[in-house]
Amino acid sequence: MKSLFASMISIGAYAPKKLLTNADLETMVDTTDEWITKRTGIKTRHIAADDQAASDLGYEAAKLAIARSGLLPSDIDLVIVATLSGDYLFMPSTAAVLAGKLGVRNIPSFDVLAACSGFIYGVATGKAFIESGMASNVLVVGTEASSRFMDYTDRSVCILFGDGAGACVLTATDDESKAIVDVKISGDGTLWDYLTIEGGSRHPVREGGEHPPFMRMKGNETFKLAVKTLSADVVEILARNNLTSEAITHFIPHQANLRIIKAVGETLKLRDDQIVLTIERFGNTSAASIPMAINELYESHKLKTGDLMLLDAFGGGLTWGSALVRFGGK
Ligand code: UT7
């Protein structure tokens, strides 16, 4: 019997039209374009329209990814959505809403809740389903309307995040040259309080008051741990696959902070042309940031069949992960 691998055969993304610039934020909180640019690398973020929820953004990205895969929506046999800003509070899942919008019925769909690492967790899950023979064509979507959970009086968080979505199709193949090579996911739940959004059963939304459903972050602690953890993580995934950083065609990190990306890039001694950056225009789009960045590469004709991508992400949970992916699309 031939080996069964999972291949990422297509990518798509969507960014809502409305822009939130650093100049806009200067009028909302005590901040400056200079501080934001220097400390984060962000200039603008996209913000979902009032009638757009996470599934609406994800739907646009998913349609593109499915069309580019050459498959029909009816060929998809599993929908995984990674999000921290789903349409509804826990039920139904955003994956179910998205499957409904795509018109695909009688298939499993579920959300992966791993904050900014969600897309890599989703790819890990889709890969496992394919390699075990439980699914053949998996749609993995990272989508965020996190602006809905921003406290636009908290300058330490609201300057960072933007909305958007990215999606890919994973399919079964026996061609190892187009396969996902390895995915490594991890986390540390003892540090759950580094990034939170209240409103769940600990402090239900109806209580409001002291626990509004806004994103809160221990920014500096998260920053330091992200640099340390991700630097070690990417070194480890390369080593366990007997690869060096020269083998990487594209390094596609989660776009949380330009300084984190640069620090990890320096650890691997990557050249600038290996590093994919979208943070300046999109800010931190959480689970959507990696597929949106892959889509940028694809649309600028820089992503070729067989190119080796190194993905990495770090986020609430705490969660983190990295992946080595040979692009299987055209
Ligand atoms: O995607 C999930 C994972 N997320 C991350 O990995 C993000 C991690 N964190 C970060 O990116 C950075 O920690 C931030 C960009 C959030 C903050 O940068 P920092 O260099 O860690 O700054 P800080 O929190 O240590 O704050 C330094 C100073 C403080 O003032 P004092 O106490 O030194 O007077 C803050 O009050 O900067 C102040 N500050 C600001 N000043 C102007 C914090 N936010 C702002 C702001 N504008 N927006």
Side-chain angles (χ1 to χ4, degrees), residues 20-45 82-85 112-122 142-147 149-164 166 185-189 191-197 214-234 252-265 267 277-280 282-293 311-322:
L20 181 66
T21 65
N22 290 352
D24 295 329
L25 285 160
E26 282 179 354
T27 68
M28 297 158 71
V29 285
D30 181 15
T31 193
T32 59
D33 171 47
E34 192 197 349
W35 191 96
I36 300 173
T37 307
K38 210 165 130 198
R39 295 291 184 118
T40 72
I42 302 168
K43 285 284 192 188
T44 57
R45 319 107 194 98
T83 185
L84 55 70
S85 51
V112 165
L113 196 52
C116 299
S117 315
F119 183 72
I120 293 183
Y121 270 60
T143 182
E144 301 290 3
S146 59
S147 61
F149 302 95
M150 281 305 124
D151 175 356
Y152 284 103
T153 66
D154 178 356
R155 67 177 183 173
S156 68
V157 181
C158 73
I159 54 122
L160 299 171
F161 288 85
D163 300 337
I185 52 174
S186 192
D188 182 353
L191 304 175
W192 63 268
D193 62 340
Y194 275 37
L195 286 123
T196 55
I197 301 178
F214 289 139
M215 191 185 298
R216 303 287 183 215
M217 175 168 68
K218 294 185 179 179
N220 194 260
E221 290 93 326
T222 307
F223 178 94
K224 287 183 196 150
L225 209 58
V227 171
K228 199 170 136 204
T229 308
L230 289 174
S231 298
D233 209 54
V234 289
I252 305 166
H254 168 48
Q255 312 278 317
N257 188 311
L258 185 59
R259 291 183 292 144
I260 299 176
I261 298 171
K262 289 228 159 124
V264 178
T267 302
L277 295 173
T278 59
I279 187 164
E280 184 175 337
F282 296 127
N284 181 347
T285 55
S286 192
S289 84
I290 290 178
M292 287 176 82
L311 321 179
D312 84 25
F314 189 89
L318 293 175
T319 56
W320 59 86
S322 51

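For ligands, and for the atoms within them, numbers begin at 1 and follow the listed sequence. If you read the sequence from its start, that first residue is 1, and numbering goes on from there.
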Quiz prompt | Option passing side chain to side chain contact (heavy atoms under 4.5 Å, CB included) with Leu225 (candidates Leu230, Leu191, Asn220) | solution =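 When side chain to side chain contact (heavy atoms under 4.5 Å, CB included) is applied between Leu225 and each of Leu230, Leu191, Asn220, only Leu191 qualifies.
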
Tell me the protein heavy atom at minimum distance from [atom], and give that distance in Å.
atom	answer
atom 2 (C) of ligand 1	Cys116 SG, 3.3 Å
atom 18 (O) of ligand 1	Arg259 NH2, 3.6 Å
atom 9 (N) of ligand 1	Gly219 O, 3.1 Å
atom 6 (O) of ligand 1	Ile260 CD1, 3.4 Å
atom 47 (N) of ligand 1	Thr31 OG1, 2.7 Å

Quiz item: For ligand 1, which atoms sit closer than 4.0 Å to a heavy atom of Ser156?
Solution: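 Contacts of ligand 1 toward Ser156, numbered from 1: 16 (C), 44 (N).
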
Quiz item: With the threshold set at 4.0 Å, does a side-chain nitrogen-carboxylate oxygen contact exist between Asp193 and Arg216?
Solution: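 No, Asp193 and Arg216 are not salt-bridged.
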
Quiz item: Can an N or O of Asn220 be found at a distance shorter than 3.5 Å from an N or O of ligand 1?
Solution: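 Yes, since at least one N or O of Asn220 sits under 3.5 Å from an N or O of ligand 1.
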
Quiz item: Any N or O of Asn257 that comes nearer than 3.5 Å to an N or O of ligand 1?
Solution: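 So ligand 1 has an N or O lying under 3.5 Å from an N or O of Asn257.
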
Quiz item: Does Ile36 come within less than 4.0 Å of ligand 1, judged by its heavy atoms?
Solution: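 Contact absent.
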
Quiz item: Where the closest heavy atom to atom 3 (C) of ligand 1 is concerned, which of Trp35, Phe161, Phe314 has it?
Solution: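 Nearest option to atom 3 (C) of ligand 1, by heavy atoms: Phe314.
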
Exercise. Please work out which of Arg39, Met215, Arg155 has its closest non-hydrogen atom nearest to atom 48 (N) of ligand 1.
Key: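 Closest candidate by heavy-atom distance is Arg155.
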
Practice problem: Run the numbers on Met217 and Leu160 for side chain to side chain contact (heavy atoms under 4.5 Å, CB included), then give the verdict. | Solution: CA-CA 11 Å; Met217 175 168 68; Leu160 299 171; 3.3 Å; yes

Self-check item: For the student: nearest non-hydrogen atoms of Trp320 and Tyr121, plus distance
Solution: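 Looking at all heavy atoms of both residues, the closest pair is O-CE1, 3.7 Å.
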
